[in-house]
Amino acid sequence: MGNRRRVLVVEDEHTIAESIAARLRAEGYDVDLAHDGPAGVDAAERTRPDLVVLDVMLPGFDGLEVCRRVQARRPVPVLMLTARDDETDLLVGLGVGADDYMTKPFSPRELVARVHALLRRVERAGQGEPGQAPTVVGDLEVDAVQRRVRRAGVEAHLTPIEFDLLAYLAARPRAVQPRERLLAEIWGWGDAAGTRTVDSHVKALRRKLGPDLIRTVHGVGYALEVAG
């Protein structure tokens, strides 16, 4: 297999780290391991991975600090792992440059699906059609070429997954999109077991762009609802 992708796993629980590494290697990835914060930063600099799987709770310094330092040196997709199902931790993780997150315990299959989806997203980034006009819905502007979002003229910083989710909804304004469809289209995952991650990313979009942006259709999914 040419041009193999390299993944760095930074996880202090050796059993979990080895399990993740074995599954990713079985999927054709080259995998490096680090078990504390400083080692994770050094490994990212040395191996220049295509993606980092990063635990939040690490000795030395935590995963949030690892993410800050790694992203400051070279932008790279980061999938954060947390044992604490705490919304503040998750939003802080996204705020320092993580692209997605998973709460332990998780299935190896789900982790592989997230890794695949993040790497596909990187490949697509910046591949908007040259000259393609931004999507405008009310006071929301989504520019697929520059991957920039503005609401009422104010630019918002979105993670790659948040951008793709918003762009998908904005291209279909007011049309209800089931969680399962969003999970398949944005995350590339074909079953409904991860719909909670859709909910979490919608919550992050509301926090960044306003609570009235996306309407919840209970028991179904979401629709973009911008007046204008």
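The hydrophobic cluster containing Val176 does not contain Leu140, counting ILVMFWY residues as joined when their side-chain heavy atoms lie under 4.5 angstrom apart, directly or transitively. Taken together through direct or relayed side-chain contacts under 4.5 Å among Ile, Leu, Val, Met, Phe, Trp and Tyr, Leu166 and Val217 form parts of separate hydrophobic clusters. Taken together through direct or relayed side-chain contacts under 4.5 Å among Ile, Leu, Val, Met, Phe, Trp and Tyr, Val220 and Leu224 form parts of separate hydrophobic clusters. Cluster membership for Leu158 and Val136, using ILVMFWY side-chain heavy atoms within less than 4.5 angstrom, is not shared.
Contact of the Val10 side chain with the Asp55 side chain is not registered, since no non-hydrogen atoms from C-beta on lie closer than 4.5 Å. Here the side chains of Lys203 and Arg207 are not in contact, with every heavy-atom distance at 4.5 Å or above. Annotation: side chain of Thr216 is in contact with side chain of Arg206 (closest heavy-atom distance under 4.5 Å). Tyr222 places none of its side-chain heavy atoms less than 4.5 Å from the side chain of Leu165. Leu111 has its side chain within reach of Leu24: a pair of non-hydrogen atoms, C-beta onward, lies under 4.5 Å apart. Considering only heavy atoms from C-beta on, Lys104 comes within 4.5 Å of Glu13 through its side chain. Side-chain contact check for Ile16 versus Val9: every heavy-atom pair is 4.5 Å or farther apart.
Between Ala98 and Cys67, the shortest heavy-atom contact is N-SG, 3.7 Å. The two residues Pro77 and Asp99 make their nearest non-hydrogen contact at CA-OD2, 2.9 Å. Taking all atoms of both residues into account, the shortest heavy-atom contact from Asp12 to Pro59 is CB-CD, 3.5 Å. Taking every heavy atom of both residues into account, Asp164 and Arg147 meet most closely at OD1-NH2, 3.0 Å. Looking at every heavy atom in both residues, Glu141 comes nearest to Pro134 through CG-CB, 3.8 Å.
Seen from the ring of Phe61, Arg68 does not count as a face-on cation partner, given the 6.0 Å and 45° thresholds.
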Distance-only check: which donor-acceptor pairs under 3.5 Å involve side-chain atoms of residues 31-53, not counting sequence neighbours?
unit_1 : atom_1 : unit_2 : atom_2 : d
Asp32  : OD1    : Arg6   : NH1    : 3.3
Asp32  : OD2    : Arg6   : NH1    : 2.6
His35  : ND1    : Glu11  : O      : 2.9
Asp36  : OD1    : Ala39  : N      : 2.8
Thr47  : OG1    : Ala43  : O      : 2.8
Asp50  : OD2    : Arg6   : N      : 2.8

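Put simply, CZ on Arg215 and CG on Leu169 are 11.5 Å apart, with the number rounded to the nearest 0.5 Å. Distance check: Ile214 CD1 to His201 NE2 gives 11.5 Å after rounding to the nearest 0.5 Å. Note that the CG atom of Asp139 and the CZ atom of Arg151 stand 4.5 Å from one another [nearest 0.5 Å]. Within the model, atoms CG of Leu54 and CG of Leu79 stand 9.0 Å from one another, a figure rounded to the nearest 0.5 Å. Summarising the geometry, atom CG belonging to Leu205 is positioned 11.0 Å from atom OG belonging to Ser200; distances are rounded to the nearest 0.5 Å. With values rounded to the nearest 0.5 angstrom, Asp100 atom CG is found 11.5 Å from Met80 atom CE.
Lys208 places a side-chain N or O within donor-acceptor distance of the main-chain N or O of His157, the cut-off being under 3.5 Å. The backbone N or O of Tyr168 sits less than 3.5 Å from a side-chain atom of Arg172, completing a donor-acceptor pair. At least one donor-acceptor pair under 3.5 Å links the side chain of Gln71 to the backbone N or O of Val76.
Remark: of the listed residues Arg25, Arg4, Arg5, Arg4 is the sole one forming a side chain to side chain donor-acceptor pair (under 3.5 Å) with Asp30.
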